[in-house]
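First up is the structure itself, then whatever we jot down about it.
Every value quoted in this text rests on a predicted model; they were computed, and no experiment measured them.
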Amino acid sequence: MKSLSKEFFNRNTVRVARDLLGKIIEYKGASGMIVETEAYRGYPDEASHAAKRTPRSAIMFDTHGFFYIYFVYGSYFCLNITTEEGQPGAVLIRALQPLRGIRMMAGRRGVKTGKNELSRKQLVNLASGPGKLCQAFGLTKALNNTAVGGRIKVYSSGLKKFRVVKTTRVGIKKAVSLEWRFYIKDNLFVSRG
DNA sequence: TCTCAGATCGTCT
DNA sequence: GACGATCTGAGAT
């Protein structure tokens, strides 16, 4: 299967966030379907990394179709894909539905499986959050600034029939923030954050 | 040098 | 569901 082209990401960030739902991410034999995304653009979204150019966030200003992976809260990584040329932006991948390499993911997440299948709750918990999915897939800052289709692939699954929920929140945190979050309705694997 | 973070998990109610 | 502890690094001053 062919990875999405770089041009797929050279569009309005909110549109890309919506269109990434249902796509497949694959890395080192593990794969999962994207079920939740969040769009981040530049000013006036002051809470976004794209609001201000810093050495860390420069990738959001300079590229599209590249992975932006940053470290948060001293423990976790967040996976983003940069978008739209000429405008800082990125889409945060918030949750994945695990498809392949589930035992591997469980191992990385410290889930004890033994010989039994994972319980439904354990399976849902593998990648139902930005930090969890990076841990499950073994994604770290070492993969920051790599192109989509390189070490990490993003495929179209062909899945089209699902209902999308769009949420917009204004004024979260201390800063003025616009937030566009999309998730596949009724999907068990979306995060609750 | 200092502050605080786009999250997670365990505990409590 | 609510809340607190966690703990490293980026960015501000």
Value in whole Å for how far the [atom2] atom of [N] lies from [atom1] of [X]:
X	N	atom1	atom2	value
A/N125	B/dT8	CG	P	10 Å
A/K121	B/dC9	NZ	P	11 Å
A/E36	B/dA7	CD	C1'	13 Å
A/H49	C/dG9	NE2	P	16 Å
A/L126	B/dC9	CG	P	10 Å
A/Q122	B/dC9	CD	P	12 Å
A/Y73	C/dT8	OH	P	16 Å
A/F71	C/dG11	CZ	P	14 Å

Could you tell me the Watson-Crick or G-U partner of C/dT13, where both distances fall under 3.5 Å? Say none if there is no partner.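 Paired with C/dT13, as far as the under-3.5 Å criterion goes, is no nucleotide at all.
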
For C/dC7, what is the paired nucleotide under Watson-Crick or G-U wobble rules, both distances under 3.5 Å? none

Select base, sugar-phosphate, or nothing to describe what A/R109 touches, counting heavy atoms under 4.0 Å on all strands.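 A/R109: backbone/sugar contact only, no base atoms under 4.0 Å.
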
Across the strands shown, which category fits A/G131 at heavy-atom distances under 4.0 angstrom: base, sugar-phosphate, nothing? sugar-phosphate

Within this structure, what is the CZ-CG distance for the pair A/R120 and A/L188, rounded to the nearest 0.5 Å? 4.5 Å

Any A/R56 side-chain N or O less than 4.0 Å from OP1/OP2 of C/dG11: yes

Taking C/dG4 as the reference, what is the distance to B/dC4 when you measure between their C1' atoms (whole Å, please)? 16 Å

Give the intermediate values and the outcome of side-chain hydrogen bond (donor to acceptor under 3.5 Å, both in side chains) for residues A/N10 and A/E7. CA-CA 5 Å; A/N10 190 15; A/E7 283 315 297; 3.3 Å; yes

A/G74 or A/S57: which one's nearest nucleotide on DNA chain C is closer to the 5' end?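 The residue whose closest nucleotide sits nearer the 5' end is A/G74.
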
Between A/S75 and A/K141, who's closer to the 5' end of DNA chain C by nearest nucleotide?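 Nearest nucleotide further toward 5': that of A/S75.
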
What's the closest nucleotide to the side chain of A/P130 if the choices are C/dG11, C/dA12, B/dT8? B/dT8

Give the nucleotide from the list C/dA12, B/dT8, C/dG11 with an atom nearest to the side chain of A/K52. C/dA12

Between the base of B/dG6 and the side chain of A/Y40, is there a donor and acceptor pair under 3.5 angstrom? yes

Checking A/K23 against A/Y155 for the side chain to side chain contact (heavy atoms under 4.5 Å, CB included) test, could you report, in this order, the C-alpha distance in whole Å, the side-chain angles of both residues, the deciding distance, and whether it holds? CA-CA 6 Å; A/K23 300 290 187 288; A/Y155 302 114; over 6 Å; no

Given 3.5 Å as the limit, does a donor-acceptor pair link the side chain of A/T37 with the main chain of A/I93, or not? no

Any chance the rings of A/H49 and A/Y70 have centres within less than 6.0 Å?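 Judged by ring-centre distance (under 6.0 Å), A/H49 and A/Y70 do meet the cut-off.
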
